[in-house]
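Okay, so here's the structure we're looking at.
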There are 2 protein chains.
Amino acid sequence: MATTVRSVRKAKGHGAERRQEILDAALMLFAQRGILAVSTRDIAAATGISQPALYAYFRTREEITAVLCEQAFLELRNRMLAAADHQAPTRASFIRMCRVYIDFGLQQPDAYRVAFMLEKGGPQPQETKARIIAAGVESFDCFHGQVARFVAAGLTRPGESVLLSQSLWAGLHGLVSLLIARPDFPWADREVLIARHIAALSDGVLL
Amino acid sequence: MATTVRSVRKAKGHGAERRQEILDAALMLFAQRGILAVSTRDIAAATGISQPALYAYFRTREEITAVLCEQAFLELRNRMLAAADHQAPTRASFIRMCRVYIDFGLQQPDAYRVAFMLEKGGPQPQETKARIIAAGVESFDCFHGQVARFVAAGLTRPGESVLLSQSLWAGLHGLVSLLIARPDFPWADREVLIARHIAALSDGVLL
DNA sequence: GCGATAAGTGATCACCGATCAATTGTGAGC
DNA sequence: GCTCACAATTGATCGGTGATCACTTATCGC
């Protein structure tokens with residue numbers, strides 16, 4: 001089933017390529033079968049290497065998901081930066097910003113799950129943990145920068161921009177995470193619900 | 001460490017007691033060590049029985065968490081019913097309702113995690129799955145009943161009450177789940193953030 | 001008392017994450 | 001072109017996991 005083709009041995013300085021191959025294989029398997037249902041042996045087989053070889057690139061299985069988490073945060077940041085127009089902020093651009101976030105989560109539910117919804121089992125190595133937090137903060141800073149433009153333009157209700165940003169982020173995350181985690185719940189029509197939710201968040205944040 | 005005292009053998013008709021003892025032990029261990037860090041052997045030892053004995057009461061380990069999930073939903077419903085005053089709905093009572101939800105999540109983070117944030121590994125037995133969904137829907141119906149009172153009183157922005165309820169639930173869940181899942185994030189002061197979030201949700205839902 | 005049966009157990013299975021010594025292949029120096 | 005240090009990778013294995021089995025033990029209706 002999984003690609004069991006043994007991949008060629010990498011030349012001396014090219015460990016980074018193999019590392020990314022492992023990450024790609026892991027993300028694909030996570031998306032196909034769910035994060036908890038994928039073993040290190042599965043990841044190794046899909047990459048075309050033996051299971052112990054994984055541990056030359058990652059200290060633990062959790063570190064693999066941690067790096068994917070970091071990459072997911074960076075991808076979210078890139079999407080937000082790409083979508084950021086530099087026109088004067090309006091209610092319409094606020095709504096667009098919200099949609100970018102929600103679409104990211106719904107289009108890449110596994111990356112989103114890894115980034116925001118994964119239970120941490122054992123304590124991570126300090127350096128790995130710090131990198132994840134840093135990536136998360138970086139994404140949030142980007143988000144906060146967007147929100148701050150609305151604050152500066154005098155379009156928002158009173159409150160510090162950090163407070164408004166964290167509240168808004170939480171509001172967006174709530175819908176995305178519930179739609180991902182509880183797909184069997186009798187939700188209202190998804191598009192209508194998203195539109196209403198964004199409208200509510202806009203009314204809650206903007207004047 | 002764990003209570004290794006062997007419990008007395010239950011008389012014939014008293015299996016339900018033992019079943020609840022297992023659930024209590026499991027919830028305690030989940031709260032202490034995290035859900036993924038608790039094994040069936042741990043739960044059995046804390047209950048005072050052997051590990052295979054668990055499988056006389058639950059078909060899989062997942063079914064234990066599933067039943068805890070169901071119980072968490074019912075507890076949430078009870079809290080909401082207990083807090084529901086039957087005075088005329090006001091903005092203040094709306095805010096109180098939001099606080100009940102948030103406090104439930106923050107005071108019982110593991111029950112909340114089990115109910116809303118747990119990744120389902122393999123497919124559940126159909127009957128167990130149906131019971132969880134039913135408990136979740138029951139909780140939501142209770143929540144929806146509260147929101148509908150505000151709608152009926154003409155206090156809300158336009159939109160079906162189901163839509164408003166799902167959006168509001170998502171907004172509340174977003175903050176609770178992020179505070180639980182990412183305690184290391186540099187959050188603003190928790191109380192201030194909660195107050196601002198509830199204010200935003202109120203402004204988004206109420207006129 | 002006694003036997004049917006519920007309640008509980010030790011042994012064991014396949015699989016998991018992780019580690020180890022041993023092996024294979026690569027490429028710089030000559 | 002040959003050699004050889006070392007990066008890259010491996011098979012074997014460890015303790016622990018969820019789950020299942022045949023078996024034993026205690027209870028209660030008769």
Side-chain angles (χ1 to χ4, degrees), chain A residues 1-2 4-22 25-26 29-30 33-68 118-125 128, chain B residues 1-2 4-22 25-26 29-30 33-68 118-125 128:
Chain A
M1 192 72 226
T4 39
V5 177
R6 188 59 54 91
S7 89
V8 287
R9 178 187 286 255
K10 291 289 176 183
K12 273 195 177 176
H14 297 64
E17 295 173 12
R18 172 104 331 143
R19 186 181 161 93
Q20 191 57 48
E21 287 174 19
I22 294 170
L29 290 175
F30 288 168
R33 309 184 201 171
I35 296 168
L36 296 182
V38 175
S39 71
T40 54
R41 285 165 179 81
D42 294 334
I43 298 172
T47 312
I49 60 179
S50 73
Q51 182 246 7
L54 291 180
Y55 291 85
Y57 300 94
F58 302 94
R59 274 174 285 194
T60 65
R61 191 205 116 119
E62 263 204 340
E63 191 177 349
I64 298 177
T65 65
V67 174
L68 287 175
L118 206 59
E119 174 163 23
K120 295 158 290 183
Q124 305 260 14
T128 305
Chain B
M1 183 44 93
T4 39
V5 177
R6 189 60 58 87
S7 242
V8 288
R9 179 186 285 254
K10 291 290 175 183
K12 274 199 174 174
H14 297 65
E17 295 174 12
R18 171 100 338 141
R19 187 181 161 94
Q20 191 57 48
E21 288 174 16
I22 294 170
L29 290 175
F30 288 169
R33 310 184 201 172
I35 296 168
L36 295 182
V38 174
S39 70
T40 55
R41 284 164 179 83
D42 294 334
I43 298 172
T47 312
I49 60 179
S50 72
Q51 181 245 6
L54 291 180
Y55 291 85
Y57 301 94
F58 302 94
R59 275 174 284 195
T60 66
R61 192 204 117 118
E62 264 205 340
E63 191 177 351
I64 297 178
T65 66
V67 174
L68 287 176
L118 207 58
E119 174 162 23
K120 295 158 290 184
Q124 304 261 15
T128 304

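Reminder, nothing fancy here: chain letters follow the sequence lines and each chain counts from 1. Just so it is clear, the model here is predicted, and its values are computed rather than measured.
- Position along DNA chain D of the nearest nucleotide to A:P52 versus B:Y55 favours A:P52 as the more 5'-ward residue.
- The side chain of B:Q51 approaches D:dT20 more closely than any other nucleotide in the set D:dT9, D:dT20, C:dG8.
- In this structure, A:R33 CZ and A:I35 CD1 are separated by 13.5 Å, a value rounded to the nearest 0.5 Å.
- Contact between the side-chain N/O atoms of A:Y57 and the OP1/OP2 oxygens of D:dT9 is found at a separation under 4.0 Å.
- Atom CZ of B:R19 is separated from atom P of C:dA6 by 17 Å (rounded to the nearest Å).
- Between B:I49 atom CD1 and C:dA6 atom C1' there is a gap of 14 Å when expressed in whole angstrom units.
- Atom CD1 in A:I43 sits 6.5 Å away from atom CG in A:L54 (nearest 0.5 Å).
- For the residue pair A:Q51 / A:T40, a side-chain donor-acceptor distance below 3.5 Å is found, with atom types taken as modelled.
- Among the heavy atoms of the strands, none lies under 4.0 Å from B:A56.
- Closest to the side chain of B:S39, out of D:dT17, C:dG8, D:dA12, is D:dT17.
- Taking atom CG on A:L36 and atom P on D:dT17, their separation rounds to 16 Å, with Å as the unit.
- Residue side chain A:R41 reaches the base of C:dG17 through a donor-acceptor N/O pair under 3.5 Å, judged by distance alone.
- Put simply, CZ on B:R33 is 14 Å from C1' on D:dG16, counting in whole angstrom units.
- In this structure, the CZ atom of A:F58 is 13 Å from the P atom of D:dT9, given to the nearest Å.
- As rounded to whole Å, 15 Å separates atom P of C:dA7 from atom CG of B:L54.
- Between the C1' atom of D:dA19 and the CD atom of B:E63 lies a distance of 14 Å, rounded to the nearest Å.
- Contacts of A:A53 classified as side chain to side chain contact (heavy atoms under 4.5 Å, CB included), with partners at least two apart in sequence or in another chain: A:I49, A:S50.
- Nearest nucleotide to the A:R61 side chain, out of C:dG17, C:dT9, C:dG8: C:dG17.
- C:dG17 atom C1' lies 16 Å from atom CG of A:L29, rounded to whole Å.
- When all heavy atoms of B:Y57 and B:I22 are compared, the closest pair comes out as CD1-CD1, 3.6 Å.
- For A:R18, taking side-chain heavy atoms from C-beta onward, the closest of the listed nucleotides D:dT9, C:dA7, C:dA18 is D:dT9.
- OP1 or OP2 of D:dG18 lies within a sub-4.0 Å distance of a side-chain N or O belonging to B:T40.
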